[in-house]
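Read through the structure below, which is laid out as structure tokens, and then see the notes.
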Amino acid sequence: MSEVRTKPTSVVTGGAGFLGSHLSDRLLSEGHRVVAIDNLITGNIANIEHLAGNEDFKFIHHNVTDFIYLPGKVDYVWHFASPASPIDYLELPIPTLKVGSLGTHNALGLAKEKGAAFILASTSECYGDPLVHPQTEDYWGNVNPIGPRGVYDEAKRFAEAITMAYHRFHKMNTHIVRIFNTYGPRMRLRDGRVVPAFIGQALTNQPLTIFGDGSQTRSFCYVSDLIDGIFRLMMSDYHEPVNIGNPREMTIKQFAEHIIEMTGTSAQIEFRPLPEDDPKVRQPNIGLAKKLLGWEPQVAFEDGIVRTVDYFRDRV
Ligand code: UDP
């Protein structure tokens, strides 16, 4: 058997997205063959163009809401396809619901057919506007199912439910990662999320648009740390949801002030109305990930944000 055939094969749905492309890089560096599937509605081919010509990497332009047929063996399915920023899922409510439900069903079906391990990219949005702080995996959440964010939150909650059903009923090797706010190179400048929004505004001397009074909190994880936690979880034998994120919490106002200071921008802060159902606090409890996976973040916010600003400097 040739060396190529003995490599594990990973399928990454959403493989041209922010997280999917970083995951693909990590898997290739681990010696996997990678098949990235993306319909490019929020993903971007530029995120994977450095992989063109790599014989272990293949890109398929496909919407995973439609049946996924792939010939050959598959060892791992990483299901990352979904619009993921609040602006994206407000503009794409039905594709968001469909990829979380039908797309997850198809991705699980592929993993089942191939006897592959499966991981679902779930989200801290499953906790909604949380009444437990920091959030632990055993908290069931406080989600408004019919609010504007419900399309994402409920799709991901359904995705978790069907993943656990396939695990319990079909005895599949499945995993669920609840991803907290993550940042780094390859985020879309205009995806509406606070990290690219503030950096883009600061670099062009436009006002930084704080929604509400800026007292809401988030906890930002650098992308390489997140991918490392996810890789470890896939390789584990744990099947219930695990939080992966950085517990360093800050208010959105503190985040804006940090960006203003580090970029030396002349931009001021401007306050805008708070979007409906915007969570007031968010911070992962990562005790489970530490215990199970020996994982915790390594990249300090101050370092990760410098790398991210450098990435955006050439792109504003
Ligand atoms: N936010 C903000 N200004 C912006 C974009 C976002 O103040 O231009 C706030 C948003 O209201 C939320 C936080 O920043 O409280 C994080 O928003 P993001 O869209 O990054 O993701 P979320 O954590 O809400 O899913």
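Indexing begins at 1, ligand by ligand and atom by atom, following the structure's order. Keep in mind it's a predicted model, so treat the numbers as computed, not measured. One is the number of the first residue; the rest follow in order along the sequence.
Polar contact with ligand 1: absent for Tyr89 (N/O pair, distance under 3.5 Å). Considering both main-chain and side-chain atoms, Phe198 never comes within under 3.5 Å of ligand 1 through any nitrogen or oxygen pair.
Atom 13 (C) of ligand 1 has as its closest protein heavy atom Ile252 CD1, 3.6 Å. When only non-hydrogen protein atoms are considered, atom 7 (O) of ligand 1 lies nearest to Phe211 N, 2.7 Å. The shortest contact between atom 25 (O) of ligand 1 and any protein heavy atom is with Arg149 NH2, 3.1 Å. Of all protein heavy atoms, the one lying nearest to atom 8 (O) of ligand 1 is Thr209 OG1, 3.0 Å. Considering only non-hydrogen protein atoms, atom 9 (C) of ligand 1 sits nearest to Gln216 NE2, 3.9 Å.
Using a 4.0 Å cutoff on heavy atoms, Gln201 does not count as a contact of ligand 1. Ligand 1 does not have Ser85 within reach: every non-hydrogen atom of the residue lies 4.0 Å or more from it.
The aromatic rings of Phe180 and Tyr127 sit tilted, their planes meeting at an angle between 30° and 60°.
The ligand atoms of ligand 1 that sit less than 4.0 angstrom from a heavy atom of Ala197 are 8 (O). Close approach of ligand 1 to Gly192 is summarised as follows: ligand atoms under 4.0 Å from at least one heavy atom of the residue are 5 (C), 19 (O).
Judged by a 6.0 Å distance limit and a 45° cone about the ring axis, Arg188 is not positioned over the six-membered ring of Phe18. Cation-pi geometry between Arg248 and Phe220 is not satisfied (NZ or CZ under 6.0 Å from the ring centre, within 45° of the ring normal). Within the cation-pi definition used here (under 6.0 Å to the ring centroid, within 45° of the axis), Arg315 qualifies as a partner of Tyr311.
At a threshold of 4.0 Å, the pair Arg282-Glu125 counts as salt-bridged, since one of the basic side-chain nitrogens sits closer than that to a carboxylate oxygen. Ion pairing of Glu160 with Arg157 is absent here, as no side-chain N (NZ or NE/NH1/NH2) approaches a carboxylate O to less than 4.0 Å. Salt-bridge check for Arg33 with Asp75: failed, with every basic side-chain N at 4.0 Å or more from each acidic carboxylate O.
In this structure, of Leu208, Asp278, Thr182, the residue bringing a heavy atom nearest to atom 12 (C) of ligand 1 is Asp278. Across Ile210, Val194, Val195, heavy-atom proximity to atom 18 (P) of ligand 1 is greatest for Val194. Comparing heavy-atom distances from atom 23 (O) of ligand 1 across Arg218, Lys280, Arg193 singles out Arg218 as nearest.
A heavy-atom distance below 4.5 Å is not found between the side chains of Leu120 and Val177. Within the 4.5 Å cutoff, side-chain heavy atoms of Arg149 are placed close to those of Pro279.
Of all the heavy atoms of Asn181, the ones lying under 4.0 Å from any atom of ligand 1 belong exclusively to the side chain.
Taking the six-membered ring where the residue is Trp, the centroids of Phe301 and His258 are separated by under 6.0 Å.
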